[in-house]
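Below, read A as the first sequence line, B as the second, and so on, with proteins coming before strands; counting in each chain starts at 1.
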Protein chains: 2
Amino acid sequence: MSEPEVPLARLFALGYRALVDGLHDELPRRGWTDVRPAFGFVLLALRDTPVLLRDLPATLGTSKQAVSKLVDAMVAVGYVERDADPGDARGKRVQLSDRGRQLLTAVEEVYADLERTWAAVLGEERLAGLRADLTAVLSSTTGGRLPPVRAVG
Amino acid sequence: MSEPEVPLARLFALGYRALVDGLHDELPRRGWTDVRPAFGFVLLALRDTPVLLRDLPATLGTSKQAVSKLVDAMVAVGYVERDADPGDARGKRVQLSDRGRQLLTAVEEVYADLERTWAAVLGEERLAGLRADLTAVLSSTTGGRLPPVRAVG
DNA sequence: GCAATTCGTCAAGCCAGTTGACGATCTGGC
DNA sequence: GCCAGATCGTCAACTGGCTTGACGAATTGC
């Protein structure tokens, strides 16, 4: 270690940048022109099932007001649908629209492509190890689940 | 892979968050109360030697106006000094002040502590592998040097 | 049944980035 | 030398996305 260690935080910032920039460079080429970076984590949160709006702040790690505006924006461009919470007339339920599901598919394809270029450098095995190690250390502090993301896009 | 892959981008966002939040939770406890997240990358850039202001936009990956304001803020709280570029009367040179150097030391200590908790989960060896793999893949696309960070704090 | 809490939104403010424009200085062709 | 054009840094105005504060509507618990 003759030269000073690059802080892990910087490496993560760079890795995140590389992937997110790669994604948002590619999406317009595939016809998706109204995707904001913050949409990604909402798509992910809604991936498998509708979600109550009240749960999103904790999932995303931001305020309910920020979530409200973010969901507004995604409803406006047609990626999610917001309807009534069947069990609580105060509440709202949010789910992917068909278009949102198509976008999620596109996002996952682009990420898969990008990760393939990583695999080309590292090899499948080290890439899998990278993912496993990151998952292990991140979930170790939060009882086995991945913690919420906050405000990084 | 029975459940869907967590995108690497999300893992990086989480890792970055965990480390940067850990840093900015700890710094005030050590008496550093006026440190903004964005300062970190400037400290790093000035670590070894004074730098010409004109080079910082490329290093940090933002506009010269943003750099100007950021350096303003760091000068105002006494972490860096901005004086004339000896070779060009239009230009400015930026360097760490004594206080800035002390802050950098504190930051590196805190990061070392945080990375120790990571090593406690992963072991030294896998942590070193993580760092090596990340460094390899990130510098592979930019000719062996790490690329600039952009606007992530 | 009524006080206290929760859900979502509106509104205003803030922080950090952007683009545009400008004075000051440097550079290169003549 | 000199002058047109480029470069350096800053000021200003704007933007996006977050925050906090406050509120109406609906629910919960005593």
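The side-chain hydrogen bond (donor to acceptor under 3.5 Å, both in side chains) search around B/Arg54 returns none, not counting sequence neighbours. Take B/Ser63 and apply the side chain to side chain contact (heavy atoms under 4.5 Å, CB included) test, not counting sequence neighbours, and it matches B/Gln65, B/Ala66. Judged as a salt bridge (Lys or Arg N to Asp or Glu O under 4.0 Å), and not counting sequence neighbours, the contacts of A/Arg131 are A/Glu115, B/Glu5. Residues passing the side-chain hydrogen bond (donor to acceptor under 3.5 Å, both in side chains) test with A/Asp98: none are found, sequence neighbours excluded. Contacts of B/Glu26 classified as side-chain hydrogen bond (donor to acceptor under 3.5 Å, both in side chains), with partners at least two apart in sequence or in another chain: B/Arg29, B/Arg30. Looking at residues two or more places apart in sequence or on another chain, you find no side-chain hydrogen bond (donor to acceptor under 3.5 Å, both in side chains) involving A/Asp25. Shown here are the side chain to side chain contact (heavy atoms under 4.5 Å, CB included) partners of B/Pro28, two or more places apart in sequence or in another chain: there are none.
In the region residues 81-92 of chain B, proximity to DNA chain D at under 4.0 angstrom, judged on heavy atoms, holds for B/Arg82, B/Arg90, B/Gly91, B/Lys92.
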For residues 117-127 of chain B, which side-chain N or O atoms pair as donor and acceptor with protein atoms under 3.5 Å away, sequence neighbours left out?
from     : atom 1 : to       : atom 2 : distance (Å)
B/Thr117 : OG1    : B/Leu114 : O      : 2.6
B/Arg126 : NE     : A/Asp133 : OD1    : 2.8
B/Arg126 : NH2    : A/Asp133 : OD1    : 2.3

Taking only distance into account, with no hydrogens and no angle test, what donor-acceptor pairs under 3.5 Å do side-chain atoms of residues 72-80 of chain B form with protein atoms, sequence neighbours excluded?
from    : atom 1 : to      : atom 2 : distance (Å)
B/Asp72 : OD1    : B/Arg82 : NH1    : 2.8
B/Asp72 : OD1    : B/Arg82 : NH2    : 2.9
B/Tyr79 : OH     : B/Asp34 : OD1    : 2.4
B/Tyr79 : OH     : B/Arg99 : NH2    : 3.2

At a cut-off of 3.5 Å, list every protein nitrogen or oxygen paired with a nitrogen or oxygen from nucleotides 12-14 of chain D, distance to 0.1 Å.
none

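Taking five base pairs at each end of the helix from C/dG1-D/dC30 to C/dC30-D/dG1 and finding the rotation axis that steps the C1' atoms of four pairs onto the next four gives two axes whose angle is 20°, to the nearest 10°.
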